[in-house]
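A short write-up of the structure that comes next.
Bear in mind the structure is a predicted one, so any value in this text is a computation, not a measurement. In what follows, chains are A, B, ... by sequence order, proteins preceding strands, each numbered from 1.
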Number of protein chains: 4
Amino acid sequence: MRKAPRQQRSQVMVNTILEAATRVLAQRGWANFKTNEVAEVAGISIGSLYQYFPDKLGLAEEIRKRHLSAVLAALSNSAHGEAATTLELRVTRLIDGVIAVHAVDQALHRVLLKEVPFVTVANGEEFEREYQGRYRELIAVSAGAIPNASDEVAARVLAAAVEGVVHAAARHGELKSALLKRELAHLVIAYLRVRA
Amino acid sequence: MRKAPRQQRSQVMVNTILEAATRVLAQRGWANFKTNEVAEVAGISIGSLYQYFPDKLGLAEEIRKRHLSAVLAALSNSAHGEAATTLELRVTRLIDGVIAVHAVDQALHRVLLKEVPFVTVANGEEFEREYQGRYRELIAVSAGAIPNASDEVAARVLAAAVEGVVHAAARHGELKSALLKRELAHLVIAYLRVRA
Amino acid sequence: MRKAPRQQRSQVMVNTILEAATRVLAQRGWANFKTNEVAEVAGISIGSLYQYFPDKLGLAEEIRKRHLSAVLAALSNSAHGEAATTLELRVTRLIDGVIAVHAVDQALHRVLLKEVPFVTVANGEEFEREYQGRYRELIAVSAGAIPNASDEVAARVLAAAVEGVVHAAARHGELKSALLKRELAHLVIAYLRVRA
Amino acid sequence: MRKAPRQQRSQVMVNTILEAATRVLAQRGWANFKTNEVAEVAGISIGSLYQYFPDKLGLAEEIRKRHLSAVLAALSNSAHGEAATTLELRVTRLIDGVIAVHAVDQALHRVLLKEVPFVTVANGEEFEREYQGRYRELIAVSAGAIPNASDEVAARVLAAAVEGVVHAAARHGELKSALLKRELAHLVIAYLRVRA
DNA sequence: CATGAATGAGCGTTCATTCAT
DNA sequence: GATGAATGAACGCTCATTCAT
């Protein structure tokens, strides 16, 4: 962001811009994300937009930053309710969390992760690592005894598999299907059991 | 495509264009896919390009159509070697096939499926159904007895999970990791066993 | 220039653009030199302009290149009429040449040399050296015998002095004043005589 | 200027602005002279700047006005030291003065005279006349007897010639070359002698 | 008076597409 | 059919200037 918004008026403006930009980005995709339209939707002038954001990409990155924070927060919350005693319960909770994340604004999520370029590769990978953390925990818990060398790979496999399934479901509007959720849980649990 | 190329000369031209376009699309991505560059790379005039393709998107869609056909064919081939007797072997073969598909030109594959817009949703779904066929077979074979109502969902879950894992691997250049392949196989087999 | 104009049509277009751009540049100055106005004045589309010139500066530089060539040519011509026997005649001719150069389009000349940035410093200096060549000749001829170490500096002084006077005259519309011309000639000759 | 600053506080503000603007103008040139940067450098708000100056050009003109006054003052000073008895001494002093003027801040001088537009032509000419005064004196002194009709023109020629040489020298960073200074003095003296 | 957030006309440039040759 | 010069709407972004606080 170009300048820190000090006054209250500025804070409002930045939020207005970000909200409008989020809407436009989700609706149109990165390729058709136009700064002038953002300003129009936000009801402000294009000049004001550029007072707070260095350029188009900077604006989108700020949106992504906030969105991914929210995603990780939501995932964390879904984990730390009452202590989950059974593996089934743990897995169900994780899946619920992931689904919840995609349910909020799947289009935005998709655009932010697949279309908006990552200027720094590291930036995207940092989120990925944090994101996979939950799966690593799951594997650590389910593995009866000693940590295995393949645990790291297993966490990545699990994360990618769940992501793949939830993304596909989101694309088809099946995010709320109980049947699908059950099958996905089976998949995860079966894998964890086999590894134990 | 704008017109069916009847004559041989035209056929050659269409192929030339498609090859050049494929190269450009894979290299530059959809956002930087420029018709003028395609014509230049193909060594023909931009006018000729528009003789055979209605617009930029039409050109990309033709590329996708051909690519997806090739993908399905490759997948089919990987299935019908010598009769696969064990479940492990079947699964390994399927995974090998999927990996092979992504290995050939992962950049192109990615662009075609994630960036180039689907004008008709149906268009993408048709391929998806066919693609899931292999997974349906797997479930049918592994299920000991009677077909279950959840088989259809299971196939979709399995397809999406494998896709997710392989895509993620491709993105990180780990497509050839034997360890990853093994874990992915475990995931699939564990799931199939649990369902049986 | 972006692409070499092969066809006759292109040649015409390039000339049309350059003529319009020259007019606009002379009239408005570099700061208000707008590519869209050039296109409008030329009666062509802005796209066509960018087909032949890489950017605004490239266009201006092409104009400068051609103008400076014309300047040097004019100066050369003014030198090589009948053999000038007397020093007075030589000096008069050189001054006439310089005045003629500025008389054609003094505004353009000014803009091109003082406003349009020189991307490469060398570029401007090359012209300057060639331009000073005439003065170096003059000094060589007028010096009776041995070349002096200060000849080079003297040429620069002479060139800059004549330039300064003619520029100032141009600015005040006195380029045709015979009186001024005579005084300038006296200045030059006096200096040459003193050095001899 | 928009309003005469009566109070002391205002005087300070105006000076602060002008100093900052001078620095920015010299550093960036007229084309990149931005009012917002001036305000920032001055440590005041852009609103305050517009309280005292009607617009960007007005600000630059005020700077020019003050600079040219300083130039004339410096030139006057250089003339009225101890009485200069010989012509050589007089000429040397004048040249020293002109060089000194350009040496102080040649970038600013250049920008102010060549880039910042003169809204009224008269504005520039007034300075020019005063500036030429010193040369008129020189001619008057050196001419043995009766004033000549061409004296006025000669003064202009001399002024423009010296200006041209010093400007060129400044552009090439040769303002301190003793050799150049000597040759310039020879030029001036030779001319004055011839006219006597 | 001072502030600085807000404005918006307008710039340079791109690139999908057309159509005269 | 083939060509490629020509088109022009549309984009991202700047910066002189205003005016509510």
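Side-chain atoms of D/I44 and D/Y52, non-hydrogen and from C-beta on, never get closer than 4.5 Å to each other. Proximity of B/T35 to B/Y50: side-chain heavy atoms (C-beta onward) are separated by under 4.5 Å at one or more points. Side chains of B/V71 and B/V104 form no contact here, defined as non-hydrogen atoms less than 4.5 Å apart.
Each of A/L49 and B/E37 was matched to the nucleotide of DNA chain E holding its nearest heavy atom; the match closer to the 5' end belongs to A/L49. Each of C/P54 and A/G43 lies near DNA chain E, and the nucleotide nearest A/G43 is the one positioned closer to the 5' end.
Nucleotide E/dT13 holds its C1' atom 12 Å from the NZ atom of B/K34, rounded to whole Å. Regarding C/Q11, its CD atom lies at a distance of 14 Å from the C1' atom of F/dA5, rounded to whole Å. Following rounding to the nearest Å, A/Y52 (OH) and F/dC13 (P) show an atom-to-atom distance of 18 Å. Rounded to whole Å, atom C1' of E/dT17 lies 14 Å from atom CD1 of B/I44. Atom CZ of C/F53 and atom P of E/dT14 are 15 Å apart (whole Å).
Using a 4.0 Å cut-off between charged side-chain N and carboxylate O, C/R171 and D/E128 make a salt bridge. A salt bridge is absent between C/R28 and C/E115; no separation between the charged side-chain nitrogens and carboxylate oxygens falls under 4.0 Å.
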task: Check the pair A/K65 / A/E61 against salt bridge (charged side-chain N to carboxylate O under 4.0 Å, His left out), numbers first and verdict last.
output: CA-CA 6 Å; A/K65 197 179 113 194; A/E61 280 179 323; over 6 Å; no

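In this structure, A/R23 has no salt bridge (Lys or Arg N to Asp or Glu O under 4.0 Å) partners at least two apart in sequence or on a different chain.
At least one cation-pi condition fails for D/R64 and D/F127: the charged atom is not both under 6.0 angstrom from the six-membered ring centre and inside a 45 degree cone around its axis. For the pair A/K56 and A/W30, the cation-pi criterion (under 6.0 Å, within 45° of the ring axis) is fulfilled.
Stems are defined here as 3 or more consecutive Watson-Crick or G-U wobble pairs with pairing distances under 3.5 Å; those involving DNA chain E are E:2-21 with F:2-21.
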Check: protein-nucleotides 19-21 of chain E nitrogen or oxygen pairs below 3.5 Å:
none

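Here C/D55 lies in heavy-atom contact (under 4.0 Å) with sugar-phosphate atoms only. At a threshold of 4.0 angstrom between heavy atoms, the contacts of C/F33 are confined to the sugar-phosphate backbone, with no base atom among them.
For F/dA10, its base never sits under 3.5 Å from the side chain of A/N36 at any donor and acceptor pair.
A close approach under 4.0 Å does occur between a side-chain nitrogen or oxygen of A/S45 and OP1 or OP2 of E/dT7. The phosphate of E/dC1 has neither OP1 nor OP2 within less than 4.0 Å of any side-chain N or O from D/S48.
Relative to the side chain of D/T35, the nucleotides F/dA16, F/dG1, E/dA5 differ in distance, and F/dA16 lies closest. Here the side chain of B/I46 is nearest to one of E/dT14, E/dC1, E/dT18, namely E/dT18.
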